[in-house]
Number of protein chains: 2
Amino acid sequence: MKELEDRIRREGTIKPGNVLKVDAFLNHQCDVALYDAMGRAWAEHFAGKNITKILTIEASGIGIACVAARHFGDVPVIFAKKAQSINLDGDQYVSTVYSFTKQREFPVIVSRKYLGPDDHVLLIDDFLANGKALHGLIDICEHAGATVEGIGIAIEKGFQGGGDELRSLGYDVDSLAVVDSMDPQNGTIEFRA
Amino acid sequence: MKELEDRIRREGTIKPGNVLKVDAFLNHQCDVALYDAMGRAWAEHFAGKNITKILTIEASGIGIACVAARHFGDVPVIFAKKAQSINLDGDQYVSTVYSFTKQREFPVIVSRKYLGPDDHVLLIDDFLANGKALHGLIDICEHAGATVEGIGIAIEKGFQGGGDELRSLGYDVDSLAVVDSMDPQNGTIEFRA
């Protein structure tokens with residue numbers, strides 16, 4: 001998606017440790033018109049699939065998923081929560097995710113009430129690097145007996161391999177920008193054609 | 001907003017400790033068509049105000065704010081983050097918030113790059129109870145020299161007083177449903193007329 005690649009080139013910054021900062025428009029300050037264009041792109045890619053729910057993970061995925069859902073007939077968006085909260089019942093699907101950004105493991109939970117065997121799920125997230133967060137969401141869908149119809153990602157760090165691993169497992173991964181390499185020295189980013 | 005009150009009556013559940021669970025449609029599973037109607041209601045209420053940014057707090061506020069922003073000319077949404085992250089620079093506005101749900105204090109941070117003296121800010125959140133989260137966001141706007149133009153809330157727990165305190169301070173608080181009392185014994189909820 002050229003619009004997203006242009007924004008990354010223009011406003012993204014590369015930090016040591018393979019960190020690509022895009023908090024000017026994607027995951028701290030949010031450009032909702034861009035989110036809308038991303039949702040439209042995923043709706044085109046996944047056209048013909050019977051999607052009943054969108055599943056994402058807090059926090060950065062939520063805004064993207066909610067704006068995108070408007071292009072999928074306003075299907076419900078569920079966001080997996082990262083910690084136990086007194087606002088949630090005990091009746092939950094639980095998985096564990098290692099966060100690249102926070103450098104620690106944490107549990108992710110989804111209430112059993114909102115996901116079941118009849119659901120056909122589109123997973124959405126802002127980043128795909130090694131794929132740990134997505135494996136947690138896939139795990140939750142498997143617990144629920146739900147079908148993962150596809151995975152919509154804003155930015156895939158292709159050089160970290162998580163996206164290609166998911167494709168080799170048969171998942172339909174639609175990443176709107178795939179970074180094949182980035183150089184913190186001179187700030188250049190190469191996108192997959 | 002009748003649509004929201006009806007949903008709370010139909011799908012909300014009252015838990016001990018003054019907890020109103022609305023995770024069927026507001027803050028775990030998200031009804032984005034309802035979010036859109038909420039955004040339209042706030043846009044009507046705050047019509048004529050020159051809003052340049054929407055500020056919310058992770059996680060539950062993000063989806064609501066992003067869908068609502070589409071009714072405010074796609075102004076940028078900023079979500080305050082609840083903890084230090086290696087993805088954020090050191091150059092941040094910081095405040096502290098006590099979470100009613102999590103029963104502990106945590107720092108909230110916003111990058112200085114995205115909020116400044118020229119900004120006219122609409123604060124949006126899912127809940128307003130004692131007002132601690134909003135005071136944190138107001139504090140951040142004061143650090144930035146930004147003007148708080150108004151506060152859009154989905155559900156205000158009127159009996160906890162945070163909303164009326166903010167109104168007495170001069171803030172224009174538009175809560176779409178104000179719960180004046182709720183009874184965990186028989187499950188009844190009274191809304192402010």
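Lettering follows sequence order; numbering is per chain, from 1.
When heavy atoms are compared at a cutoff of 4.5 Å, B/Val110 approaches chain A by way of both its backbone and its side chain. In this structure, chain A has a heavy atom under 4.5 Å from the side chain of B/Tyr35, while its backbone stays farther away. Both the backbone and the side chain of B/Ala24 have a heavy atom closer than 4.5 Å to some heavy atom of chain A.
Both A/Leu166 and A/Ile57 are part of a single hydrophobic cluster, where members link through side-chain heavy atoms under 4.5 Å apart. Hydrophobic cluster membership is shared by A/Leu123 and A/Phe106, with clusters built from Ile, Leu, Val, Met, Phe, Trp and Tyr side chains linked at under 4.5 angstrom. By the rule that hydrophobic residues join a cluster once side-chain heavy atoms approach within less than 4.5 Å of another member, B/Val178 and B/Phe127 end up as members of separate clusters. Following chains of ILVMFWY side-chain contacts shorter than 4.5 Å, one can reach A/Phe159 starting from A/Ile189, so the two form part of one hydrophobic cluster. A/Phe25 and B/Leu55 sit in two unconnected hydrophobic clusters of ILVMFWY residues. Membership requires side-chain heavy atoms under 4.5 Å apart, directly or through other members.
Across A/Val32 and B/Arg70, no two heavy atoms sit closer than the pair O-NE, 4.2 Å. Among all heavy-atom pairs drawn from A/Gly63 and B/Cys66, the shortest one is CA-SG, 3.8 Å.
Counting only heavy atoms from C-beta outward, the side chains of A/Ile62 and B/Phe79 never approach each other to under 4.5 Å. Under the 4.5 Å side-chain criterion, counting only non-hydrogen atoms from C-beta, B/Gln29 is not in contact with A/Val77.
Note on B/Asp74, B/Val75, B/Leu115: by heavy-atom pairs under 4.5 Å with chain A, the leading option is B/Asp74.
Of the inter-residue distances, the one linking B/Glu58 atom CD with A/Ser60 atom OG reads 7.5 Å to the nearest 0.5 angstrom.
Remark: the backbone N or O of A/Ile78 is not paired with any side-chain donor or acceptor of B/His28 at under 3.5 angstrom.
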Show the atom names and distances, to 0.1 Å, of all donor-acceptor pairs under 3.5 Å that link a side chain in residues 131-154 of chain A to residues at least two apart or in another chain.
{"residue": "A/Asp139", "atom": "OD2", "partner": "A/Ser95", "partner atom": "OG", "Å": "2.7"}
{"residue": "A/Glu149", "atom": "OE2", "partner": "A/His120", "partner atom": "ND1", "Å": "2.6"}

